[in-house]
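Report on one structure; see the data block that follows.
Throughout, protein chains are lettered first and strands after them, A, B, ... in sequence-line order, and every chain is numbered starting at 1. Excluded from the calculations below are hydrogen atoms, water molecules and symmetry mates; all remaining heavy atoms, backbone and side chain alike, are included. This structure is a prediction, so every number in the text was calculated from the model and none was measured.
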Protein chains: 2
Amino acid sequence: MIRKAAAIATTPAPPNGATLMNVAKAASVSLATASRVFSNPELVRQDTAERVLRAAGELGFRPNLLGAKLRAQRTRIIGVMLPTMENAVFAECWRGIEEAALAQGYSLMLVTSRYDPQRERERIEYLLRHRVDGMVLTVADAARSAVLDQLDAERVPYVLAYNQGPRSGKRYSVSVDNRASARAGVETLIAAGHRRICVVSGAFAASDRARQRHAGYRDAMRAHGLEPLPPLSLPAHTPTQTPAEVERIRQFVTAPSAPTALFCTNDMLAIGVISVLKRLGLSVPGDMSVLGYDGIELGQLLERPLSTVVQPNNEIGARALACLLAQLDSGNAGAGPDQGLTRATLLPHALRAGATVAPPA
Amino acid sequence: MIRKAAAIATTPAPPNGATLMNVAKAASVSLATASRVFSNPELVRQDTAERVLRAAGELGFRPNLLGAKLRAQRTRIIGVMLPTMENAVFAECWRGIEEAALAQGYSLMLVTSRYDPQRERERIEYLLRHRVDGMVLTVADAARSAVLDQLDAERVPYVLAYNQGPRSGKRYSVSVDNRASARAGVETLIAAGHRRICVVSGAFAASDRARQRHAGYRDAMRAHGLEPLPPLSLPAHTPTQTPAEVERIRQFVTAPSAPTALFCTNDMLAIGVISVLKRLGLSVPGDMSVLGYDGIELGQLLERPLSTVVQPNNEIGARALACLLAQLDSGNAGAGPDQGLTRATLLPHALRAGATVAPPA
DNA sequence: CTGAAAGCGCTAACAC
DNA sequence: GTGTTAGCGCTTTCAG
């Protein structure tokens with residue numbers, strides 16, 4: 001008895017007396033019945049349910065998902081890791097993920113990695129401690145990612161977004177065909193009459209997509225008998241208009257045999273580059289054509305709409321989540337046998353003709 | 001015995017045998033000691049701790065935060081509700097929040113409301129069920145928000161971001177002085193020689209900031225003996241360049257006594273408006289000056305850098321979180337007495353001269 | 001259709 | 001310093 005009293009006293013002063021247990025008491029039913037009213041209503045008689053519901057309403061009952069999750073050993077929380085929200089492409093993807101999650105009754109926990117593998121590890125560990133049921137991830141480099149290997153080893157379900165898995169790999173991924181779409185984009189440049197075309201990218205090491213898109217560029221060039229030119233590799237994937245960066249761009253575009261068209265591996269970069277060119281006294285597309293990649297909405301809102309390779313960003317997010325939930329529903333336990341199906345979902349890309357590409361002068 | 005066996009069998013097949021309990025066994029210590037090694041290491045002897053740590057390492061132990069949270073009655077999760085991530089201003093704010101949270105060991109749960117009060121209610125209820133310790137919120141209209149009233153009633157700690165609380169209100173908020181900063185912005189327009197200045201905004205009903213900024217506009221106009229003009233109120237806070245919207249803008253800017261300068265209540269809107277003007281054959285700032293509000297980074301990266309009123313977005317997020325944690329640490333229980341301090345933190349704004357404002361023709 | 005009871009993994013008194 | 005123990009709030013057999 002004393003023990004009991006002590007135990008009660010130590011209880012952190014019920015911040016919320018509205019527990020299921022109290023609801024049950026108020027409705028004169030057992031805890032089990034009260035629980036069922038919320039999780040399996042069909043198992044309880046109409047009027048009993050109503051009584052419980054009324055009691056819940058009066059007490060202002062709000063289910064504590066923590067208890068439920070702990071017991072159920074599944075949280076219905078999905079971890080999402082994206083490089084940054086400040087690049088609209090990921091904000092658009094997030095929207096797709098969030099809508100899909102909402103529709104399916106899942107919650108999300110978002111972390112950003114800033115394209116930093118070290119930080120990727122830490123943030124994912126964090127998600128793991130929260131016992132997320134699975135994750136939607138965009139990593140710097142899927143092919144050599146220690147953290148992905150770890151996730152595989154621990155059998156944590158995840159789906160890559162934007163990172164494109166190999167055609168017959170074991171990893172799930174949702175993306176466009178980076179290489180083919182980049183090639184298609186560059187081909188529009190070639191079709192416009194450009195011969196000297198260069199890639200502008202953030203650090204290739206920090207983005208497998210950038211590398212794949214670069215490969216697509218090479219495909220296009222070679223297919224048309226053109227010599228791939230060395231790329232302009234900038235430090236970041238989002239533009240910083242530091243003097244150093246501006247100077248690098250200046251040197252690049254004013255060299256003796258400067259390119260007549262630039263293929264930027266993402267739209268933000270393209271936007272930044274266009275502005276730098278302008279500042280350098282070059283007109284776009286008069287003196288230099290610029291093609292982006294991503295298809296962010298913003299591109300269409302600009303004074304000079306951005307010509308770009310469009311990815312269905314919302315859909316990439318939504319499909320990635322759907323793919324993850326499908327995994328969760330099915331062979332969650334014990335990883336179903338490989339059905340020989342490709343696990344890399346490729347969504348169609350499109351080309352958006354803006355006003356930043358024209359025939360060379 | 002039978003019971004016991006049954007109970008074990010029903011356990012959802014340990015997806016993770018690496019529990020604290022098992023670590024404790026492996027290290028031949030009690031559960032309590034093992035727990036202390038992680039939460040209060042100073043309470044346990046060096047070598048004991050090492051043994052536990054080693055065992056944990058071998059078993060691949062990862063603390064299950066769910067159990068800890070349930071027991072501790074605090075989750076160390078902060079709920080964040082922002083209107084949308086697709087407006088960079090909120091993406092920048094998120095960054096500030098995330099960095100601050102990371103530094104303090106808090107996790108975040110992000111939801112977006114799309115400027116929709118109904119959705120605000122639902123999403124917040126969601127956060128509440130997850131037992132977040134507190135929230136950082138940007139709501140459509142803080143002054144008449146049912147959900148905020150509810151949060152007050154339930155004594156859920158929260159801090160508003162962007163929504164500006166009244167000088168001596170009871171609510172915590174972190175923002176700039178919307179009215180004063182807007183006034184300062186419009187005054188730069190007046191200083192440039194403009195007399196006919198109009199506000200362009202998304203639906204005022206859906207944003208108290210838009211209304212406050214509009215009030216600042218009126219202040220500026222009146223202070224300079226100018227007649228406030230009727231605003232152009234667009235349906236959304238982010239631009240959609242639908243034919244209908246373009247047409248509305250056209251009528252507005254080609255009317256007999258059309259304005260010579262436009263003050264847009266946010267940067268995204270300004271960017272969209274500039275592009276529409278261009279399409280309508282008007283040059284900015286030649287035929288029309290445009291001033292934005294928000295100071296998103298993107299504004300500086302544009303071909304024609306956006307003139308705008310700058311808010312410290314990262315800092316708004318970081319400070320809002322800090323303010324929330326301060327609340328949590330102190331009078332979490334029982335809402336400390338009103339210290340007469342203003343709970344509305346006002347951060348300094350700035351004016352950024354871009355290239356979209358010039359003297360009227 | 002309803003109830004009793006056994007925990008999910010962890011923390012925090014309290015006792016030793 | 002360390003162990004014992006009683007739950008946090010909920011779900012889910014198993015038994016009526």
Side-chain angles (χ1 to χ4, degrees), chain A residues 1-25 27-49 51-52 56 61-76 129-131, chain B residues 1-25 27-49 51-52 56 61-76 129-131:
Chain A
M1 213 48 194
I2 288 167
R3 282 211 144 289
K4 189 69 185 301
I8 286 176
T10 74
T11 281
N16 188 359
T19 67
L20 232 208
M21 162 87 98
N22 288 348
V23 170
K25 279 181 186 151
S28 316
V29 297
S30 74
L31 176 56
T33 300
S35 171
R36 283 189 275 254
V37 170
F38 294 98
S39 36
N40 292 78
E42 68 277 12
L43 293 185
V44 23
R45 219 173 46 213
Q46 187 77 44
D47 57 324
T48 315
R51 235 170 350 129
V52 172
F61 170 68
R62 171 154 35 227
N64 183 336
L65 263 25
L66 253 37
K69 289 171 191 320
L70 179 57
R71 167 65 216 225
Q73 291 295 82
R74 63 189 292 239
T75 57
R76 286 189 154 263
R129 281 155 135 74
H130 280 288
R131 292 299 189 272
Chain B
M1 212 46 196
I2 288 168
R3 283 210 143 289
K4 189 69 186 304
I8 287 176
T10 73
T11 282
N16 190 358
T19 66
L20 232 208
M21 162 87 97
N22 288 347
V23 170
K25 278 181 188 155
S28 316
V29 298
S30 75
L31 177 57
T33 300
S35 171
R36 283 189 276 256
V37 170
F38 294 98
S39 36
N40 290 78
E42 68 277 13
L43 293 186
V44 24
R45 220 174 42 216
Q46 187 76 43
D47 57 323
T48 316
R51 239 174 344 133
V52 171
F61 171 68
R62 171 153 36 224
N64 183 336
L65 263 24
L66 252 37
K69 290 169 189 318
L70 178 57
R71 169 63 218 228
Q73 292 295 79
R74 64 188 292 239
T75 57
R76 287 190 154 262
R129 281 156 134 76
H130 280 288
R131 292 299 189 270

Just to confirm, is there a sub-4.0 Å distance from OP1 or OP2 of [N] to any side-chain nitrogen or oxygen of [X]?
X       : N      : answer
A:Thr48 : C:dC1  : no
B:Gln73 : C:dT11 : no
B:Ser30 : D:dG3  : yes

Base, sugar-phosphate, or nothing: which does [X] touch, judged by heavy atoms less than 4.0 Å apart?
X       : value
A:Leu31 : base
A:Phe61 : sugar-phosphate
A:Ala32 : base

Out of curiosity, B:Leu65 CG to B:Leu70 CG, how far, rounded to the nearest 0.5 Å?
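Answer for the CG-CG pair, B:Leu65 versus B:Leu70, is 12.0 Å.
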
Distance (rounded to the nearest 0.5 Å) between A:Arg62 CZ and A:Leu20 CG:
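Result: 13.5 Å between the selected atoms.
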
Taking the nucleotide of DNA chain D with the closest heavy atom to each, which residue, B:Val29 or A:Leu66, is nearer the 5' end?
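So the residue in question is B:Val29.
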
Euclidean distance, atom [atom1] of residue [X] to atom [atom2] of [N] [Å, nearest integer]:
X        : N      : atom1 : atom2 : value
B:Leu70  : C:dA12 : CG    : P     : 12 Å
B:Met21  : C:dC10 : CE    : P     : 10 Å
B:Leu65  : C:dC10 : CG    : C1'   : 10 Å
A:Arg36  : C:dA5  : CZ    : P     : 14 Å
A:Arg129 : C:dC10 : CZ    : C1'   : 14 Å
A:Phe38  : D:dT11 : CZ    : P     : 9 Å
A:Lys69  : C:dG7  : NZ    : C1'   : 19 Å
A:Asn22  : D:dG9  : CG    : C1'   : 11 Å

Residue pair B:Arg51 / B:Val29: nearest heavy atoms and the distance that separates them
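For B:Arg51 versus B:Val29, the nearest heavy atoms are NH2-CG1, 3.9 Å.
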
Any side-chain heavy atom of B:His130 sitting closer than 4.5 Å to one from A:Lys69?
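Counting from C-beta outward, B:His130 and A:Lys69 do come under 4.5 Å.
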
Does any non-hydrogen side-chain atom of A:Gln73 lie less than 4.5 Å from one of A:Arg131?
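The answer is no; the side chains never approach within 4.5 Å.
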
Can you list everything that forms a side chain to side chain donor-acceptor pair (under 3.5 Å) with B:Ser30? Sequence neighbours excluded, please.
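Per chain and number, B:Ser30 pairs via side chain to side chain donor-acceptor pair (under 3.5 Å) with B:Thr33.
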
Nearest listed nucleotide, side chain of [X], among [options]:
X       : options                : answer
A:Arg71 : D:dT12, C:dT11, C:dG3  : D:dT12
A:Ser35 : C:dT11, C:dC14, D:dT11 : D:dT11
B:Thr19 : C:dG9, D:dC10, D:dT12  : C:dG9

Bend angle of the helix from C:dC1-D:dG16 to C:dC16-D:dG1, end axes from five pairs each (to 10°)
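Both end axes considered, the difference amounts to 30°.
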
B:Arg129 side-chain N/O to A:Pro63 backbone N/O, donor-acceptor pair under 3.5 Å
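Not at all, since once roles are kept as given, no pair shorter than 3.5 Å links the two residues.
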
Show your working on side chain to side chain contact (heavy atoms under 4.5 Å, CB included) between A:Phe38 and A:Val52 and close with a plain yes or no.
CA-CA 9 Å; A:Phe38 294 98; A:Val52 172; 4.3 Å; yes

Listed in order of residue number, which residues of residues 39-47 of chain B have a non-hydrogen atom at under 4.0 Å from DNA chain D?
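Result for residues 39-47 of chain B: B:Leu43, B:Val44, B:Arg45, sorted by number.
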
Going through the checks in order, is the side chain to side chain contact (heavy atoms under 4.5 Å, CB included) test met by B:Asn64 and B:Thr19?
CA-CA 8 Å; B:Asn64 183 336; B:Thr19 66; over 6 Å; no

